Visitor: 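This structure is in structure tokens; I'll ask about it shortly.
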Amino acid sequence: MARVLILGGGFGGVVAAERLAEKLSDEHQITLVSRSRNFVFYPALVRLAFGKCQPADASFDLRHALLNRRVNFIEAEAAHIDPVERKVTIAHGEVEGKLPFDYLIFALGRRLATERITGFYEHAHHLLNVDKAIKFGKAIEKFHEGRAVFGQCFGARLPVPVYETAFALARRLEEKGERERVRITVVSPETVESELGDFGGAVALKKAFDAHQIELLPNFRIESVTQDSAMTNSGDVIDFNLLMLVPPFRGSSAASHLGITNDEGYINVDSAMRVIGHERIYAVGDCVNFEGPKMGHMAVRQGEVAALNLAAEIDGHEPVSHYSHEMKFVIDEAGSDGIYLQKDIWKDEPATVRQSRFWSWAKRGQKEFWELSHS
Ligand SMILES: Cc1cc2nc3c(=O)[nH]c(=O)nc-3n(C[C@H](O)[C@H](O)[C@H](O)COP(=O)(O)OP(=O)(O)OC[C@H]3O[C@@H](n4cnc5c(N)ncnc54)[C@H](O)[C@@H]3O)c2cc1C
């Protein structure tokens, strides 16, 4: 009998648990520990901020879904991991103490390093959880004129919601007849080409920005924020009346002391999703050290690969599945078109870029599809 422990109940952890439940016979035990029983469907948070869906549409209770699939669920914090003794210290939850494991999957997501931007906590909005998206939504409701600035901080790895926020605000103001009163600027710490990893994708995005009079300010690395202005590392200043930033990301602090991470705290893995330097330990999702943006569909694919390989390992086999690093997303232009981009990050080939109303529609249906197939 093997005890498999999964840390983190997001896209990567949930998919890994489901695949393991399908693959492993009943004698094996699967346990998932997550700090909240709520699964958050992050791609819905821009729509939540703009009042296009309800909080209940952006998250759902994991426990029943997992129990139905014979996965034990523990709502608690994974505080400390001992990869040699193979024990995880569980705190602040329904169970406390040390949980032994034979196999482990890290799926702890990212840490928001807001402390790296002076004044972020006090003066910037973000939408990286349900409460913050709702708070940002209240600020949007009160905003009728002035300048809106949206962007990523250096080290953030998530451009899609920034672009979608700009489109959603432009659309909202157009509908209310207030568009002329507001200047919308998207700031990027690098360029759109590097954020999207593709020239063709950047051309399509810039065209769509132009159509909605959204300005683009590349190479603008915000380092500090006050009540009404943001400043870069080189002293450039931008004033705002509404600010939403994606803060810098770092790997989970639960893994940072184990000697398995890079300088930013992301876990080093091979293409079988095995943690380099430790046996019987895997990692998936935003917490792993792969280049490029951090996206849900990558976490899902990595969760599948890890589960297949872990099941094979229990049976004494070599890895049966390998991950290839593909970027695939839709930028919803809020009401009209959507831009679809798909690219193999590990290959030097141009992306496939498509633009049509279909993609916006497809993205909105994603959450229903996810909930139906995982609850
Ligand atoms: C606003 C927004 C929009 C996005 N839009 C898209 C999109 O359009 N397309 C796309 O592909 N991706 C999108 N993403 C990215 C996508 O949501 C992430 O890549 C995905 O959530 C990563 O999955 P994960 O399982 O690695 O981490 P998460 O989903 O973050 O899950 C990590 C889990 O671990 C838990 N956890 C963390 N630390 C601990 C601990 N110490 N103890 C116990 N539990 C812990 C957390 O509570 C959480 O449940 C978006 C993200 C955001 C924020």
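Predicted model only: the values in this text are computed from it and were never measured. Just so you know, ligand 1 is whichever comes first in the structure, and atom 1 is the first atom listed for that ligand. The first residue of the sequence shown is numbered 1, and numbering continues consecutively from there.
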Visitor: At a non-hydrogen distance cut-off of under 4.0 Å, which region of Ala76 contacts ligand 1 (side chain, backbone, both, or neither)?
Guide: backbone
Visitor: I need the nearest protein heavy-atom contact for atom 35 (C) of ligand 1: residue, atom name and distance, please.
Guide: Ser34 OG, 3.6 Å
Visitor: Just to be sure I read this right, does ligand 1 sit under 4.0 Å from the backbone of Phe329, its side chain, both, or neither, counting only heavy atoms?
Guide: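 For Phe329, no heavy atom sits under 4.0 Å from ligand 1.
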Visitor: Partners of Asp286 by side chain to side chain donor-acceptor pair (under 3.5 Å), sequence neighbours excluded?
Guide: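 With neighbours one apart ignored, the set is Arg110.
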Visitor: So between Gly8, Gly285, Pro161, Pro159, whose heavy atom ends up nearest atom 34 (O) of ligand 1?
Guide: Gly8
Visitor: Less than 6.0 angstrom from the centroid, inside 45 degrees of the normal: does Arg280 satisfy that with respect to the ring of Tyr103?
Guide: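 The answer is yes, since Arg280 meets both limits relative to Tyr103.
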Visitor: When hydrophobic residues are tied together by side-chain contacts of less than 4.5 Å, even through go-betweens, does Phe240 share a cluster with Leu242?
Guide: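 Phe240 and Leu242: separate clusters.
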Visitor: Relative to the heavy atoms of Lys294, which atoms of ligand 1 are at a distance of less than 4.0 Å?
Guide: 15 (C), 19 (O)
Visitor: What atoms in ligand 1 come closer than 4.0 Å to a heavy atom of His297?
Guide: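 Checking each atom against His297, I get 11 (O).
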Visitor: Can you figure out which of Ala78, Ala16, Gly109, Ala254 has its heavy atom closest to atom 41 (N) of ligand 1?
Guide: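 That would be Ala78.
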Visitor: Below 4.0 angstrom from a heavy atom of Ala107, which ligand 1 atoms are there? Numbered from 1 as shown, please.
Guide: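 Numbered from 1, ligand 1 contributes 32 (C), 33 (C), 34 (O).
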Visitor: Is any NZ, NE, NH1 or NH2 atom of the basic residue among Arg147 and Glu215 found under 4.0 Å from an Asp or Glu carboxylate oxygen of the other?
Guide: yes
Visitor: Under the 6.0 Å and 45° cation-pi test, does Lys294 pair with Tyr266?
Guide: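 Satisfied, under 6.0 Å and within 45°.
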Visitor: Report the nearest protein non-hydrogen atom to atom 5 (N) of ligand 1: residue, atom name, distance rounded to 0.1 Å.
Guide: Pro43 CA, 3.6 Å
Visitor: Heavy-atom pairs closer than 4.0 Å: do any link ligand 1 to the side chain of Met298, the backbone, both, or neither?
Guide: neither
Visitor: Taking the six-membered ring of Phe154, is the NZ or CZ of Arg221 close enough (under 6.0 Å from the centre) and on axis enough (within 45°)?
Guide: yes
Visitor: Between Arg86 and Asp102, is a salt bridge (charged side-chain N to carboxylate O under 4.0 Å, His left out) present by the stated rule, with each step listed?
Guide: CA-CA 7 Å; Arg86 297 206 175 108; Asp102 300 306; 6.0 Å; no
Visitor: With heavy-atom distances below 4.0 Å as the criterion, list the atoms of ligand 1 near Leu127.
Guide: 1 (C)
Visitor: For atom 52 (C) of ligand 1, state which one of Leu158, Asp286, Leu108 supplies the nearest heavy atom.
Guide: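 Looking at heavy atoms only, the winner is Leu158.
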